[in-house]
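First up is the structure itself, then whatever we jot down about it.
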Amino acid sequence: MSTPVDDPLARERSHLSASRSALRAMREGVEALDISDVTANWVNAEALAHQIEERIKALADLSGTPLFFGRLDYLHAPGAEEAEGAEGERFYIGRRHVHDHDGDPMVIDWRAPVSQPFYRASKKDPMDIALRRRFGYTGGDLTAYEDEHLSDPAAVTLSGSAGGARTSKLLQQEIERPRVGPMRDIVATIQPEQDEIVRSGLSGTVCVQGGPGTGKTAVGLHRVAYLLYAHRERLARTGTLVIGPNRSFLHYIEQVLPALGELAVQQATVDDLVAHVEIKGTDDATAAVVKGDARLARVLRRALYSHVTMPTEPVVVVRGSRRWRVPAYELEELVRELLDRDIRYGAAREALPQRIAHAVLVQMERSGEAPDDRVQDAVARNSAVKAAVKAVWPAVDPAKLVLRLLSDAEFLAVHAEGILDEDEQKAILWAKPARSVKSAKWSAADAVLIDEATDLIQRTHSLGHVVLDEAQDLSPMQYRAVGRRCTTGSATVLGDLAQGTTPWATRSWQEALAHLGKRDALVEELTAGFRVPTDVITYASRLLPHIAPGLTPVVSIRENPGHFEVRPVSGSEDVVEACRESLRHEGSTGLIAADARVPELAEALTEAGIPYLGPGEETTQDTRLTLVPASLAKGLEYDYVVLDDPRAVVDGEPDERTGLRRLYVALTRAVSGLTVTHTAPLPPQLASNTLR
């Protein structure tokens with residue numbers, strides 16, 4: 001059936017159908033590959049089979065996910081001279097590359113250089129684009145389009161839809177589309193300032209300061225996807241990692257990269273990275289702050305190298321009828337040389353027997369013998385040499401080292417002298433010393449110390465690129481733990497200083513980046529809000545002068561001001577009713593409350609017959625309400641939020657500043673509407689009208 005010439009929407013639907021057929025053919029072509037005669041052994045066969053399986057997954061046509069979301073009509077062929085009569089080209093921009101049976105592109109990957117003008121071109125700088133077209137979808141069906149004639153200053157934006165109605169709301173509609181299920185990509189709505197960060201090079205580290213709803217998490221994930229496209233071979237060798245604050249957050253974002261065709265990116269929390277021991281205990285705030293202080297790295301280093309002692313006896317190596325003697329003073333020189341080189345403790349310990357063996361070989365050569373490398377290796381394995389190394393440079397278990405520091409007041413005092421004062425030493429000493437590593441009640445901060453000690457002994461493997469989200473909540477020692485994973489690679493650091501809710505929260509990005517080992521990182525600030533409605537972010541920003549003075553408030557670009565209400569209530573039944581009202585709207589609802597209030601609200605919801613989920617559980621059309629403790633709200637988003645009792649959220653934290661930051665986080669989780677319910681008076685900081 002022919003497509004009407006005067007029906008642009010029908011033509012675009014036809015291209016979508018043809019593109020889906022081409023993608024299906026690409027996938028079937030990979031599925032039909034016969035590798036039985038192209039592999040030399042079973043190992044190669046397994047590896048190739050895995051690559052084919054991953055390729056098939058990457059070519060999946062995801063239901064409900066548009067294959068392309070934009071179109072670019074170039075004035076001239078990209079890269080060609082802008083000569084008169086030069087023929088332009090048309091490209092459809094989508095989440096992955098699709099070509100027809102002749103190899104001609106049907107859809108261009110959004111990360112390709114030719115796609116960049118879709119995000120950056122403007123009438124001021126059209127980048128050789130005659131027309132940019134955005135597409136609107138409903139349930140996977142192409143239903144609308146919007147045209148921008150960038151090279152014609154007199155032209156206006158034109159739009160069309162299935163019903164023929166004119167509209168210019170596609171971008172806003174995509175941003176404001178209800179959120180049910182996990183986080184989705186923003187590939188169709190990336191803004192120019194976001195695109196600059198996404199496409200920044202692999203060699204440099206970028207730190208993104210972004211307030212609520214500025215898209216910093218999505219920018220970080222899309223940067224990973226871009227880097228994997230631009231540097232696939234290198235990152236395939238070195239690896240990539242996304243680090244989030246907790247498992248709920250990682251579950252929420254885990255579908256973004258697969259939707260963009262990237263399946264090989266690892267995800268972890270900082271606790272996962274340093275899981276050397278089982279966590280059985282917790283620290284009070286004072287102890288946690290001291291243990292998280294970067295000064296502990298110096299204490300650990302002192303304690304570790306205190307095991308090295310200078311030799312007082314010579315080493316005598318017997319080979320056959322000959323005895324070779326390396327005097328104590330010469331052994332001391334070898335030890336001091338290794339200490340001066342400042343290499344890892346374990347690497348130096350492995351080098352010492354070879355140094356001693358070399359000293360023996362020099363004596364052999366002077367006596368007329370001609371020893372080779374095999375003789376040196378044999379001498380290095382000699383029992384006398386082994387005994388000397390064990391006495392001078394003994395093996396140290398990192399967990400046992402930390403155990404002794406936290407259990408032995410005298411040992412800690414010796415190695416913390418001039419670094420930690422007496423009160424700080426008392427704060428981190430265990431009241432009941434553990435007898436063994438297994439019986440110890442390790443805390444999360446202790447595990448980070450063990451990771452530091454482990455790295456002092458043996459270098460940590462470095463990845464090609466690491467994304468660190470919600471970075472403002474890391475301690476200096478946690479930054480060091482992350483930095484060890486990208487010493488030879490780069491990082492994308494994402495966070496908001498105003499949302500720091502730990503006692504050790506980051507005070508400045510410069511300080512944090514120094515602990516990360518990335519002092520030269522570029523710091524970018526995102527201030528345009530795409531997620532949080534105007535009225536909501538304006539209300540939440542009243543807290544900024546009290547929690548992050550000098551930080552630029554987020555300015556919402558949303559045309560829809562959103563629903564916002566502050567409602568006095570008499571009890572949990574009224575809070576439940578507010579949830580019921582929110583659920584009448586399309587999309588997800590989050591009931592956020594102080595942690596101590598969650599059990600009571602859970603009981604009230606159950607009695608009211610309203611099903612609910614916990615953070616990290618995926619919402620469905622049948623269960624769209626999530627009950628969220630305030631301590632786990634960071635990084636999550638819901639179409640509608642009911643915030644229970646702000647005063648209780650503030651009072652649930654050890655100090656008011658931290659409590660106000662926790663409240664700021666809770667207030668800014670809404671995409672379409674926020675209802676604040678309260679029985680107690682609101683915190684006075686919310687009454688301020690400073691930012692109005």
Side-chain angles (χ1 to χ4, degrees), residues 210-214 472-473 496-502 505 527 529 531-556 558 560-572 574-575 577-579 581-582 589-598 601 628-692:
T214 55
Q472 72 280 345
D473 279 330
D496 179 12
L497 296 178
Q499 296 186 57
T501 52
T502 56
T527 58
R531 173 172 57 79
V532 186
T534 300
D535 289 352
V536 175
I537 194 64
T538 300
Y539 183 71
S541 293
R542 294 180 177 184
L543 298 175
L544 282 179
H546 309 282
I547 60 176
L551 206 61
T552 304
V554 172
V555 177
S556 178
R558 299 273 297 275
N560 183 351
H563 169 78
F564 173 67
E565 179 185 3
V566 178
R567 182 187 300 180
V569 297
S570 58
S572 296
D574 294 335
V575 178
E577 180 57 31
C579 292
E581 292 173 13
S582 293
T589 293
L591 170 55
I592 304 177
D595 292 30
R597 290 270 299 147
V598 168
L601 292 172
V628 188
S631 62
L632 296 181
K634 193 170 299 178
L636 304 179
E637 59 184 39
Y638 302 93
D639 287 290
Y640 291 87
V641 167
V642 176
L643 175 59
D644 170 72
D645 207 346
R647 184 75 258 173
V649 173
V650 175
D651 292 344
E653 299 298 326
D655 60 81
E656 186 178 65
R657 186 186 178 102
T658 303
L660 290 172
R661 288 184 169 188
R662 184 76 72 191
L663 177 59
Y664 181 72
V665 171
L667 285 167
T668 54
R669 301 304 95 199
V671 176
S672 298
L674 170 67
T675 300
V676 178
T677 62
H678 66 100
T679 53
L682 293 171
Q685 293 84 355
L686 283 178
S688 168
N689 217 22
T690 306
L691 295 171
R692 285 281 185 182

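Remember, predicted model here, so these are calculated numbers, not experimental data.
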Flag side-chain contact, heavy atom, 4.5 Å: Leu686 against Leu543: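 With C-beta onward as the side chain, the pair touches.
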Residue pair Leu643 / Leu663, side-chain heavy-atom distance below 4.5 Å: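 Leu643 reaches Leu663 side chain to side chain.
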Looking only at non-hydrogen atoms, find the nearest pair between [X] and [Y] and report the distance.
X      : Y      : answer
Thr675 : Ala578 : CG2-CB, 4.4 Å
Gly571 : Thr679 : N-CG2, 4.0 Å
Leu660 : His546 : CD1-CB, 4.2 Å
Pro549 : Pro545 : CG-O, 3.4 Å
Val649 : Ala593 : CG2-C, 4.4 Å
Leu544 : Leu551 : CD1-O, 4.4 Å

Any residue meeting side-chain contact (heavy atoms from CB on, under 4.5 Å) with Pro212, in chain and number order, not counting sequence neighbours: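 Per chain and number, Pro212 pairs via side-chain contact (heavy atoms from CB on, under 4.5 Å) with Asp496, Gln499, Arg531, Val532, Ile537, Val554, Tyr664, Thr668, Arg669.
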side-chain contact (heavy atoms from CB on, under 4.5 Å) against Val566, all qualifying residues, sequence neighbours excluded: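 Residues passing side-chain contact (heavy atoms from CB on, under 4.5 Å) with Val566: Tyr539, Phe564, Val676, His678, Leu682.
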Side chain to side chain donor-acceptor pair (under 3.5 Å) partners of Arg567, counting only residues at least two apart: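 Listed in chain order: Glu565, Glu581.
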Sequence-distant partners of Arg662, side chain to side chain donor-acceptor pair (under 3.5 Å), two or more places apart: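 Partners of Arg662 by the side chain to side chain donor-acceptor pair (under 3.5 Å) criterion, ordered by chain and then number, come out as Thr501, Glu653.
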Interatomic spacing from CD1 in Ile592 to OG in Ser631 - rounded to 0.5 Å: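 With rounding to 0.5 Å, CD1 (Ile592) is 11.0 Å from OG (Ser631).
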Point-to-point distance, once rounded to the nearest 0.5 Å, from OG of Ser572 to CG of Asp644: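 Answer rounded to 0.5 Å: 6.5 Å.
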Check: Ala630 main-chain N/O paired with Asp595 side-chain donor or acceptor under 3.5 Å: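 Answer holds: yes.
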Thr502 side chain vs Asp473 backbone, donor-acceptor pair below 3.5 Å: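 Answer holds: yes.
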Counterpart residues, salt bridge (charged side-chain N to carboxylate O under 4.0 Å, His left out), relative to Asp645 (two or more places apart):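 Applying salt bridge (charged side-chain N to carboxylate O under 4.0 Å, His left out) to Asp645 gives none.
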Arg647: salt bridge (charged side-chain N to carboxylate O under 4.0 Å, His left out) partners, not counting sequence neighbours: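 If we apply the salt bridge (charged side-chain N to carboxylate O under 4.0 Å, His left out) test to Arg647, skipping adjacent residues, the hits are Asp651.
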